Structures are given as C-alpha cells and as structure tokens.
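Step one of this worksheet: look at the structure below.
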Amino acid sequence: DCHEICGDGKHMGFLECDDGNKKDGDGCSANCEVEYGFSCDGGDYETADECKDILPPFARLNLFFNNTATLDFNEPIQLNRVSLSDFSFIFQRPVDHRNKKKKKKSVSSTTPDSVGCDVLEFSVNGSRQLMFPLECEDHLDGTEKFTLTIKDRNSIVDMAGNPLRGETQFSQTLFSTDRIQAMESSRVIEWGTFGIFMVITIAITFGFRTMEDFPLEIMWNTLFFFQTFQFLLYLEQEP
C-alpha cells in the first residue's frame with residue numbers, strides 16, 4: 001500500500017497540507033494539518049504547499065497619564081505610507097442644556113462642545129503600537145470624549161499584508177487627571193519638586209532622631225502628608 005509522507009514536500013491530496021517540514025506555527029503543522037488563521041495551497045506531487053497568514057490584525061485604543069494615546073495591535077503591523085493626515089481626532093465635551101433656556105419641560109438635550117486639544121505627530125513604538133501625544137490647552141473635567149478614526153483600513157496591514165479588520169473608529173472618555181497642562185508641568189519642575197521632597201525628608205528624619213522614643217509611625221505619617229500635599233498642588237486641587 002502507498003501512503004503520503006508528511007513533511008516530504010509532496011502533496012498528493014491525502015493530507016490537508018505539506019509544506020516540506022514537520023514544524024508547528026508556519027501554517028502547516030507537524031501533522032500536516034492547516035493551522036488556525038492560515039491558508040495552504042499550491043502543492044502537488046512535486047511541489048510543497050505555500051501557507052499564508054489570513055487572519056487580519058485589529059486595534060484597541062488606550063489612554064495614559066503622560067498625555068499619550070496609543071493604538072495597540074494584536075500582532076506586528078506595517079504601515080503603507082501612513083502620515084498624520086490618515087487619522088482624524090475629535091475632542092468633545094458634552095454640554096447639558098437642561099439648566100439653560102428650556103423649550104420643552106420634558107426634553108433635555110446635550111450638544112458637543114469642542115475642547116482645545118490637538119495631535120501634532122505620531123510615532124511607531126515597536127511593531128505593535130502607534131503613539132499619539134496629546135496637546136491640550138483647556139482644563140479637562142473628566143466628561144471629555146476623545147475619538148480617533150483611521151480613515152483607510154488598508155493603510156495598516158500585518159506582515160502577511162492583511163488589512164486592518166473590525167473597528168476603525170475608537171472613542172474613550174478622558175479623566176480629569178489624564179491631562180496636565182505643559183505650563184503646570186513646567187512650573188512644578190521649576191519649583192524643584194524632587195529637591196523639596198529631599199530637603200523636607202532629611203530635615204524631618206534628623207529632627208525626629210534627636211527626640212528619644214519618638215514613635216516611628218508618626219514620622220512616616222508626617223512624610224506621607226507632605227507627599228500627598230505636593231501631589232494635590234501638582235493637580236491644582238485644594239488639600
């Protein structure tokens with residue numbers, strides 16, 4: 001009896017595929033079965049199959065405290081001559097008109113109000129992430145909504161050339177602590193926040209050491225108070 005040998009690079013039709021090896025992860029498994037997310041064809045009694053990744057990538061929007069939005073992808077991607085103009089960005093704050101001029105007692109509506117934010121550039125971080133630094137002039141109160149849209153899904157493909165799948169418009173509500181104006185950050189740096197912490201810590205530590213039997217818990221609670229107070233100043237909140 002004749003039988004087909006898996007891994008010899010000859011596809012007679014009895015096996016699902018044969019790419020000439022017995023390795024997993026390349027589309028045709030060690031048992032000559034087509035793996036999930038791949039398509040294998042082209043083989044015959046003299047030629048091995050060629051396997052191709054057919055599972056397209058998808059993205060997810062994330063926001064971080066360092067004024068940066070990122071698009072994270074589930075697999076390595078490549079860009080087809082992509083520029084900042086291939087994306088659109090919208091920052092909006094809902095405005096409740098219920099306390100304003102009421103046309104009807106039973107109707108309350110919200111209309112978007114633009115926020116003074118913009119994206120001036122983007123960068124590629126590794127092979128699975130696009131980074132968009134956000135520049136905001138307005139104070140944000142936590143009700144703002146950030147929307148990022150990819151205009152052409154074919155501009156972002158995986159290593160096999162599969163275009164982006166799923167959503168191409170992503171939205172997320174911003175938190176009030178997600179944005180600290182550049183002026184505020186510069187002011188904190190000019191004050192020498194780190195230097196202030198060091199001086200206060202050293203002074204309090206040496207002061208407490210001169211006092212016999214001073215409870216250690218009180219010392220650390222005092223230091224924690226100064227750290228919390230300085231953080232509230234950074235966020236322009238009342239302690």
Side-chain angles (χ1 to χ4, degrees), residues 55-97 109-159 162-191 193-194 197 227-239:
L55 195 63
F58 62 87
R60 180 181 61 183
L61 175 67
N62 286 307
L63 294 172
F64 296 94
F65 288 101
N66 62 344
N67 294 6
T68 301
T70 67
L71 277 180
D72 297 311
F73 299 87
N74 64 315
E75 62 176 307
I77 53 98
Q78 51 188 345
L79 307 179
N80 290 332
R81 293 176 293 182
V82 175
S83 65
L84 191 63
S85 61
D86 293 306
F87 305 92
S88 67
F89 311 94
I90 299 176
F91 295 85
Q92 290 182 328
R93 178 187 296 117
V95 179
D96 197 343
H97 293 281
S109 62
T110 58
T111 57
D113 180 28
S114 65
V115 179
C117 296
D118 200 1
V119 178
L120 304 179
E121 61 180 354
F122 82 97
S123 60
V124 180
N125 182 25
S127 60
R128 297 189 179 209
Q129 188 179 76
L130 299 181
M131 303 181 66
F132 302 87
L134 310 181
E135 300 289 340
C136 295
E137 298 178 356
D138 292 351
H139 287 279
L140 306 185
D141 58 17
T143 64
E144 294 81 5
K145 184 178 181 181
F146 171 60
T147 302
L148 185 154
T149 303
I150 302 173
K151 297 180 180 179
D152 182 9
R153 67 173 64 249
N154 294 312
S155 62
I156 301 177
V157 299
D158 63 12
M159 295 306 176
N162 299 307
L164 191 68
R165 70 166 177 172
E167 297 292 331
T168 57
Q169 184 176 88
F170 311 88
S171 297
Q172 189 167 331
T173 301
L174 303 176
F175 295 98
S176 58
T177 54
D178 282 344
R179 300 293 171 271
I180 300 174
Q181 295 185 15
M183 181 180 64
E184 296 168 346
S185 299
S186 299
R187 185 186 62 189
V188 173
I189 294 174
E190 291 171 359
W191 285 356
T193 306
F194 181 76
F197 281 150
Q227 293 174 343
T228 303
F229 180 77
Q230 188 64 26
F231 181 70
L232 292 176
L233 290 177
Y234 187 72
L235 296 178
E236 286 195 346
Q237 302 293 325
E238 293 293 334

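All values derive from a computational prediction rather than experimental measurement.
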If you round to the nearest 0.5 Å, how far is [atom2] of [Y] from [atom1] of [X]?
| X | Y | atom1 | atom2 | value |
| --- | --- | --- | --- | --- |
| C117 | I90 | SG | CD1 | 13.0 Å |
| F146 | T173 | CZ | OG1 | 12.0 Å |
| S88 | L148 | OG | CG | 7.0 Å |

By side-chain contact (heavy atoms from CB on, under 4.5 Å), which residues pair with [X], not counting sequence neighbours?
| X | answer |
| --- | --- |
| D118 | L120 |
| K145 | T147, S171 |
| S83 | S85, D86 |

Show the nearest heavy-atom pair for residues [X] and [Y], with the distance to one decimal.
| X | Y | value |
| --- | --- | --- |
| P56 | N162 | CA-CB, 3.8 Å |
| S155 | V82 | O-CG2, 3.2 Å |
| P163 | P57 | O-CD, 3.4 Å |

I'd like a table of donor-acceptor pairs (distance under 3.5 Å, sequence neighbours excluded) in which one partner is a side-chain atom from residues 71-79, with atom names and distances.
unit_1	atom_1	unit_2	atom_2	d
D72	OD1	Q129	NE2	2.5
D72	OD2	N62	ND2	2.4
D72	OD2	T70	OG1	3.3
N74	OD1	F58	N	2.9
Q78	NE2	D158	O	3.0

Exercise. Measure the acute angle between the ring planes of F87 and F132, then classify it against the limits of 30° and 60° as parallel, tilted or perpendicular.
Key: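 Taking F132 first and then F87, their aromatic rings stand perpendicular (interplane angle over 60°).
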
Quiz item: So do F91 and L134 actually touch side chain to side chain, heavy atoms under 4.5 Å?
Solution: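 Yes, close enough: below the 4.5 Å cut-off.
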
Exercise. Apply ring pair (Phe, Tyr, Trp, His ring centres under 6.0 Å) to F170 and list each qualifying residue two or more places apart in sequence or on a separate chain.
Key: none

Self-check item: From CA spacing to verdict: side chain to side chain contact (heavy atoms under 4.5 Å, CB included), I156, L130
Solution: CA-CA 11 Å; I156 301 177; L130 299 181; 4.1 Å; yes

Exercise. Without swapping roles, check the side chain of N80 against the backbone of V157 for a donor-acceptor pair under 3.5 Å.
Key: no

Quiz item: Does L55 offer a backbone N or O that forms a donor-acceptor pair with the side chain of R165 under 3.5 Å?
Solution: no

Self-check item: More than 12 heavy atoms from other groups under 6.0 Å of CZ on R60
Solution: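 Count not over threshold, so no.
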
